[in-house]
> 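Take a look at this one; I'll ask things after.
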Amino acid sequence: MSSPERSLLLNCIYKNPNEPIEARVKDLLSRMTLKEKLGQMTQIERTVASPPTLKNLSIGSVLNGGGSAPMERASPSDWADMIDAFQTSALKSRLGIPIIYGTDAVHGHNNVYGATIFPHNVGLGATRDADLIQRIGAATALEIKATGVHYTFAPCVAVCRDPRWGRCYESFSEDTEIVRKMTTIVSGLQGVPPEGHPRGYPYVAGRKNVIACAKHFVGDGGTDRGINEGNAILPFNDLEKIHMAPYLDCLSQGVSTVMVSYSSWNGSKLHSDNFLLTDILKDKLGFKGFVISDWEGIDRLSHPHGSDYRYCISSSIKAGMDMVMVPFRYEQFLDDFINLVESGDIPVARIDDAVERILRVKFVAGLFEHPFADRSLLDVVGCEMHRELAREAVRKSLVLLKNGKDPKKPFLPLDKNARKILVAGRHADDLGYQCGGWTITWHGGGGKVTIGTTILDAIKATVGDKTEIIYEQYPSATTLADRDISFAIVVVGEDAYAEYLGDNSELVIPFNGTELIKFVAEQVPTLAILISGRPLVLEPDLLLKMDALVAAWLPGSEGEGVADVLFGDYDFEGLLPVTWFKRVNQLPMNARDPSHDPLFPLGFGLRCNMDSQPMD
């Protein structure tokens, strides 16, 4: 860079934090070459983010996919070191534009070993507690910022209308109003906008907050038969009323970005739908942040995926896409992109609009003033205060579905001083299954995947000193014949999964869970706990055999929250966020459907200390 150029940059408006944001955006945009503008519209995976790439191409954003980390069990400081190194390279570019580093922190900072893992959204929806959800957002933001990350691809505000969908647990509820209530997590993540803040204009309060992302726009929870990346078949009025309404609440809280859904609406792929992305989201709803694709989302606009890459780029950008999550083949993306603009296929005005939106979010988030990790926050990752908050969330999310074979003789709360308690089921002592998908890896997995407390550990810590705990995943007939066993706690549930891996048309309890509950309950009074991201099939004879049943969803790292309620330190508060069907051939089935005949309706939930069940 020549001396005159350096002198000009030192005196430019965009570097002055005292100038209005829109003036800074306009000034910086006017200085950018086409190559730099297209670089800002590009998001790449951290494994291909070399220093020369970030510096020379003016890349706008870097992300890590699920499971992509600096190293196995990387510490918060390892993450901060890596991201700060990326930022250092980006700031060496001609204009010194910082990157936004993004991650899927969807139930806590879940890619980071040792971070607090909160219940997945379906469990949070069961709490109906908007204040709790906001506090979880604020705690998550602190843990995110401690590692140098600026941006989380959360919250998911999908309205899940069919539990066969593999992302059901990412949805707060099948009910639009419940999902709307839970959007307070945006204010937790980004901070609460001041009174009079313009609707649709991005907002990030300060250094302890992060850029949020409302996703997946729009209708991802309403696809035919719950097929992931499928087709939502419904008129616009229903799309707007059921699936779009939560975005209005996110926009009113200043959500900075919106991610587009892989799915289609009446056969039209959302990633190339100009009507929904531009006419509705940007023009009608007044969204001024940036719209981002999903992972290789534009590739899905051609078959095989990405085979006609120029068409994928052209159709998505012209539809209103501002930033593209490439994430790997950025060189081909940028080559094709610049040719499409120079040939006149994509108007320069569309490029300027996209880059203006991206720069606006970067200025709003304070990245030009504070581009690096705040190391003073490192100790908050997985701290005791946050774990206590997660424990509270677990307590409030538990839904009691049955309490005693005789309504006059409740089975719960359990006796802490019982002589002998049998605990069974692999989910009783498996932190990975307890946390579910999007934990350390994309799809999650079984085992001790991170730091936390299993339900078995929590039970052992809660009962009296003289109480004996027997744990057998699959109890033997000899064990069940022990007359000293006061009762059994059988914990069963789903494998960990994410996205299409979770699509399921049968919804039976995996790992022979139904058979295990029956086997134990025929011999010993039994409480069954279901660890799942959605309702599963509960056969009539299974319900008759068990004495009590709790839906614990995917509670995360703090199993103590389960024991707190089982043994009576707290009462149950959770209410079903979704309809619990009787048979899969009833699906889709939602509250207020004409042929509504559920096993348990939306809003069902018993308490130990009252005669009647609370309902929404």
Side-chain angles (χ1 to χ4, degrees), residues 100 102-110 118-125 127-145 149-159 170-173 175-218 220-221 243-261 281-282 285-292 323 357 360-362 364-366 386 389 393 438 577:
I100 298 175
T103 193
D104 283 284
V106 298
H107 63 138
H109 200 5
N110 46 261
F118 293 94
H120 266 297
N121 285 354
V122 66
L124 298 183
T127 72
R128 305 293 202 275
D129 191 334
D131 174 71
L132 171 68
I133 274 57
Q134 184 172 331
R135 288 186 282 132
I136 288 172
T140 301
L142 286 173
E143 298 202 15
I144 293 170
K145 284 305 286 280
V149 176
H150 318 109
Y151 179 23
T152 176
F153 307 124
C156 176
V157 292
V159 180
E170 296 185 54
S171 169
F172 291 111
S173 178
D175 184 88
T176 303
E177 292 309 307
I178 295 172
V179 176
R180 295 186 72 173
K181 186 177 182 180
M182 299 295 103
T183 62
T184 52
I185 194 168
V186 171
S187 289
L189 291 165
Q190 295 191 160
V192 180
E195 189 174 347
H197 182 79
R199 182 193 184 106
Y201 195 90
Y203 178 79
V204 179
R207 297 188 67 186
K208 294 182 178 180
N209 298 97
V210 295
I211 298 163
C213 178
K215 67 181 188 182
H216 308 84
F217 193 82
V218 62
D220 51 336
H243 299 284
M244 202 177 293
Y247 289 89
L248 303 181
D249 299 274
C250 294
L251 293 181
S252 69
Q253 295 171 71
V255 74
S256 296
T257 74
V258 171
M259 184 182 289
V260 182
S261 176
L281 178 59
K282 292 182 175 180
L285 302 183
F287 178 56
K288 300 300 182 185
F290 68 80
V291 175
I292 186 170
M323 183 178 283
R357 291 168 177 274
R360 179 179 294 127
V361 171
K362 290 187 176 187
V364 164
H386 290 176
L389 177 61
W438 292 111

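All values below come from the heavy atoms of this structure, side chains included, with hydrogens, waters and symmetry mates left out.
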> Give the table of side-chain donor-acceptor pairs shorter than 3.5 Å for residues 196-203, with sequence neighbours excluded, one pair per line with atom names and distance.
residue, atom, partner, partner atom, Å
His197, NE2, Tyr201, O, 2.8
Arg199, NH2, Leu248, O, 3.4
Tyr201, OH, Glu22, OE2, 2.5

> With distance as the sole test, does Asn110 use its side chain to make a donor-acceptor pair with the main-chain N or O of Trp438 at under 3.5 Å?
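Such a contact is found between Asn110 side chain and Trp438 backbone.
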> Checking Lys208 side chain against Leu142 main chain: does a donor-acceptor pair fall under 3.5 Å?
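Between the backbone of Leu142 and the side chain of Lys208 there is no qualifying donor-acceptor contact (under 3.5 Å).
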> Between Val106 and Phe153, is there a side-chain heavy-atom distance shorter than 4.5 Å?
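Counting from C-beta outward, Phe153 and Val106 never come under 4.5 Å.
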> Taking all non-hydrogen atoms of both residues into account, name the closest pair between Gly191 and Ala205 and its distance.
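Looking at all heavy atoms of both residues, the closest pair is CA-CB, 3.9 Å.
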> Give a yes or no on whether the backbone of Phe287 and the side-chain of Arg357 come within a donor-acceptor separation of less than 3.5 Å.
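Here the side-chain-to-backbone pair exists.
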> Within the side chain of Thr183, is there an N or O that forms a donor-acceptor pair under 3.5 Å with the backbone of Pro246?
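No, because the side chain of Thr183 does not come within donor-acceptor range (under 3.5 Å) of the backbone of Pro246.
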> Would you mind listing every salt bridge (charged side-chain N to carboxylate O under 4.0 Å, His left out) that reaches into residues 185-196, with sequence neighbours excluded?
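For residues 185-196: none.
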> Mark yes when over 12 heavy atoms from residues, nucleotides or ligands other than Lys282 sit less than 6.0 Å from its NZ; otherwise mark no.
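Correct, the count exceeds 12.
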> side-chain contact (heavy atoms from CB on, under 4.5 Å), that's the test. Do Val179 and Asp175 meet it? Break it down for me.
CA-CA 6 Å; Val179 176; Asp175 184 88; over 6 Å; no
> Please tell me if the side chains of Val260 and Val291 come closer than 4.5 Å, counting only heavy atoms from C-beta onward.
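Yes. Closest side-chain heavy atoms under 4.5 Å.
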> Mind checking whether His107 and His120 have parallel, tilted or perpendicular rings, split at 30° and 60°?
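If you compare the ring of His107 with that of His120, the planes turn out parallel.
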> For the pair Met244 and Phe217, evaluate side-chain contact (heavy atoms from CB on, under 4.5 Å) and give the outcome as yes or no after the intermediate values.
CA-CA 8 Å; Met244 202 177 293; Phe217 193 82; 4.1 Å; yes
> His109: what forms a ring pair (Phe, Tyr, Trp, His ring centres under 6.0 Å) with it, not counting sequence neighbours?
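With neighbours one apart ignored, the set is empty.
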> Please find the pair of heavy atoms, one from Pro193 and one from Gly254, that lie closest to each other, and give the distance.
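Closest approach of Pro193 to Gly254: CG-N, 4.4 Å.
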> Kindly write out the residues that satisfy salt bridge (Lys or Arg N to Asp or Glu O under 4.0 Å) with Lys181, not counting sequence neighbours, or none if the list is empty.
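Residues passing salt bridge (Lys or Arg N to Asp or Glu O under 4.0 Å) with Lys181: none at all.
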> Is there side-chain contact between Thr152 and Thr140, with heavy atoms separated by less than 4.5 Å?
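A side-chain contact is absent here, since even the closest heavy-atom pair is not under 4.5 Å.
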> If you look at every heavy atom in Ala214 and Val255, which pair is closest and at what distance?
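Between these two residues, the closest heavy atoms are N-CG2, 3.8 Å.
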> Is there a side-chain contact between Glu170 and Pro155 (heavy atoms, below 4.5 Å)?
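Not in contact.
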> Return each pair, listed once, that meets salt bridge (charged side-chain N to carboxylate O under 4.0 Å, His left out) where at least one residue sits in residues 130-141; pairs must be two or more places apart or across chains.
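Applying salt bridge (charged side-chain N to carboxylate O under 4.0 Å, His left out) to every pair that reaches into residues 130-141, excluding sequence neighbours, yields Asp131-Arg135, Arg135-Glu392.
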> If I compare all heavy atoms of Asp249 with all of Arg180, which pair ends up nearest, and what's the gap?
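Residues Asp249 and Arg180, closest heavy atoms: OD2-NE, 2.5 Å.
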> For Ser187 and Gln253, test the side chains for any donor-to-acceptor distance below 3.5 angstrom and give the result as yes or no.
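The answer is yes; a qualifying pair exists.
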> Using only atom types and a distance under 3.5 Å, with no angle test, would you say the side chain of Thr184 pairs donor to acceptor with the backbone of Ile133?
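Flag not set: sc Thr184 to bb Ile133 has no pair under 3.5 Å.
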> So, for Val157 and Cys250, which heavy atoms are closest and what is the spacing to 0.1 Å?
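Nearest pair, atom of Val157 first, then Cys250: CG1-SG, 3.9 Å.
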> Taking it one step at a time, do Asn121 and Ser171 satisfy side-chain contact (heavy atoms from CB on, under 4.5 Å)?
CA-CA 6 Å; Asn121 285 354; Ser171 169; 5.9 Å; no
> Ignoring hydrogens and angles, tell me if any N or O in the side chain of Ser256 forms a donor-acceptor pair with the backbone of Cys213 under 3.5 Å.
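Answer holds: no.
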> Among Leu189, Val192, Val186, Ile185, which one satisfies side-chain contact (heavy atoms from CB on, under 4.5 Å) with Gln134?
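Among the candidates, only Val192 passes.
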> Does a side-chain heavy-atom distance below 4.5 Å link Cys156 with His216?
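Yes, close enough: below the 4.5 Å cut-off.
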> What is the distance from atom OG1 of Thr127 to atom CD1 of Ile136, rounded to the nearest 0.5 Å?
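One gets 7.0 Å once the value is rounded to the nearest 0.5 Å.
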> Using side-chain contact (heavy atoms from CB on, under 4.5 Å), reason through Leu389 and Leu132 one step at a time and then give a plain yes or no.
CA-CA 8 Å; Leu389 177 61; Leu132 171 68; 3.7 Å; yes
> Can you list everything that forms a salt bridge (Lys or Arg N to Asp or Glu O under 4.0 Å) with Lys215? Sequence neighbours excluded, please.
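Asp104.
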> Measure across Gly289 and Val361 and return the closest heavy-atom pair with its distance rounded to 0.1 Å.
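Heavy atoms of Gly289 and Val361 come nearest at CA-CG2, 4.1 Å.
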> Measure from the side-chain N and O atoms of Lys145 to the backbone N and O of Val210, and report whether any donor-acceptor pair falls under 3.5 Å.
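Here the side-chain-to-backbone pair does not exist.
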